[in-house]
Every structure is written in structure tokens, then in C-alpha cells.
Amino acid sequence: MKSNSVRCTLTALALMAASWAHAAGDQALQQPPLSASAQASTADASAMTDGEVRRIDAANKKITLKHGEIKNLEMPPMTMVFQVEDASALEKLKVGDKVRFAAEKRAGALVVTRIEAAK
């Protein structure tokens with residue numbers, strides 16, 4: 001009798017495990033994971049902010065931007081100085097240019113990680 005009880009318990013556990021695996025598989029099929037590059041481009045696109053170049057300090061890799069709300073930093077519109085990740089991006093810009101940019105907080109500093117002319 002003990003043997004039947006053990007078999008029933010094992011069968012029940014096996015059925016529950018199969019059911020959970022099936023449910024997890026269905027969920028994975030409904031929402032395929034994004035590749036790392038797709039996640040990055042989605043984040044970049046949503047993090048882009050409109051701005052206007054007010055000052056360029058290429059020697060110190062800094063740019064002053066008058067910008068709209070920066071959602072990923074929870075920052076309201078204002079004018080401020082940012083560090084620039086890639087100084088070569090400053091070569092293509094001049095004061096007064098309308099731009100779209102992405103910024104992040106790194107080690108306590110605000111850094112422009114991507115900047116392009118507004119279309």
C-alpha cells in the first residue's frame with residue numbers, strides 16, 4: 001500500500017512539473033526576449049531628448065545644452081553643462097544647432113552618450 005502512495009505522489013509531482021514547464025514555454029513564446037542590441041536601441045530611442053547647443057568646450061569634452069525633459073534622469077527642462085563621452089561628436093556641432101541626445105548619470109556626472117542633429 002505504501003508503494004501505491006509513493007507512485008501516486010510521484011505521478012502528481014511529475015504532472016505538476018510538466019504543467020509548469022508547459023506554462024513557462026507558452027509565456028516564452030508569447031514574449032520572445034530582445035537581443036542585447038535591440039534592447040540598447042530601444043533604450044536609446046526612448047531616452048533621446050531634444051536640445052539646443054548653447055556652448056561647446058571641446059578641450060574639456062563638455063557641451064552646454066538647453067534641453068527638454070530628460071525622462072530617464074527624471075530631469076525637467078533647463079540649460080546645463082554635460083560631459084561628452086565621444087569628443088569627436090562635438091566637431092560636427094556649432095552653437096545654435098538643434099540636436100537630439102541621450103544622457104546618463106555616471107560616477108556622479110551627467111554624460112552625453114549619443115548626440116545627433118535634429119531632423
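Worth knowing before you read on, the calculation uses all heavy atoms, side chains too, and leaves out hydrogens, waters and symmetry mates. Keep in mind that this is a model prediction, so the values were computed, not measured.
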Which heavy atom in [X] sits nearest to a heavy atom in [Y], and how many Å separate them?
X: Leu65; Y: Val112; value: CD1-CG2, 4.2 Å
X: Lys61; Y: Ala87; value: CG-CB, 3.6 Å
X: Val95; Y: Arg54; value: CG1-O, 3.6 Å
X: Thr64; Y: Val81; value: OG1-CG2, 3.4 Å

To the nearest 0.5 angstrom, please state how far the [atom1] atom of [X] sits from the [atom2] atom of [Y].
X: Gln83; Y: Thr113; atom1: CD; atom2: OG1; answer: 12.5 Å
X: Asn72; Y: Met48; atom1: CG; atom2: CE; answer: 11.0 Å
X: Asp50; Y: His67; atom1: CG; atom2: NE2; answer: 11.5 Å
X: Phe82; Y: Ile63; atom1: CZ; atom2: CD1; answer: 9.5 Å
X: Lys105; Y: Glu74; atom1: NZ; atom2: CD; answer: 10.5 Å
X: Glu69; Y: Met78; atom1: CD; atom2: CE; answer: 10.5 Å

If Ile, Leu, Val, Met, Phe, Trp and Tyr residues are connected whenever their side-chain heavy atoms lie under 4.5 Å apart, and connections chain through other members, are Phe101 and Met80 in the same group?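 Same hydrophobic cluster.
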* Asked: Are Val111 and Leu93 joined in one hydrophobic group, where the rule is that I, L, V, M, F, W and Y side chains link up if heavy atoms are under 4.5 Å apart?
  ->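 Unlinked, Val111 and Leu93 end up in two clusters.
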query = Only one of Ile56, Val84, Leu90, Asp57 forms a side chain to side chain contact (heavy atoms under 4.5 Å, CB included) with Lys62, so which one is it?
reply =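 Checked Ile56, Val84, Leu90, Asp57 against Lys62; only one passes side chain to side chain contact (heavy atoms under 4.5 Å, CB included): Asp57.
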**Study point:** Asp86 (side chain) donor-acceptor with Ser88 (main chain) under 3.5 angstrom
**Key:**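 Between the backbone of Ser88 and the side chain of Asp86 there is a qualifying donor-acceptor contact (under 3.5 Å).
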Does Asp97 reach the main-chain N or O of Lys94 with its side chain, forming a donor-acceptor pair under 3.5 Å?
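Here the side-chain-to-backbone pair exists.
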Is it the case that over 12 heavy atoms from other parts of the model lie below 6.0 angstrom from the CZ atom of Arg106?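 Enclosed: over 12 neighbouring heavy atoms sit under 6.0 Å from CZ of Arg106.
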- Should Lys66 and Glu52 be marked as a salt bridge (charged side-chain N to carboxylate O under 4.0 Å, His left out) after you check the CA-CA gap, both sets of side-chain angles, and the distance that decides it? CA-CA 5 Å; Lys66 178 180 178 183; Glu52 180 182 333; 5.4 Å; no
- Message: Could you go through Glu85 and Arg114, starting from their C-alpha distance and side-chain angles, then the distance that decides it, and tell me whether this counts as salt bridge (charged side-chain N to carboxylate O under 4.0 Å, His left out)?
- Response: CA-CA 8 Å; Glu85 183 175 66; Arg114 182 174 166 203; over 6 Å; no
- Begin from the C-alpha positions of Val99 and Val53 and carry the test side-chain contact (heavy atoms from CB on, under 4.5 Å) through to its verdict. CA-CA 7 Å; Val99 295; Val53 178; 3.9 Å; yes
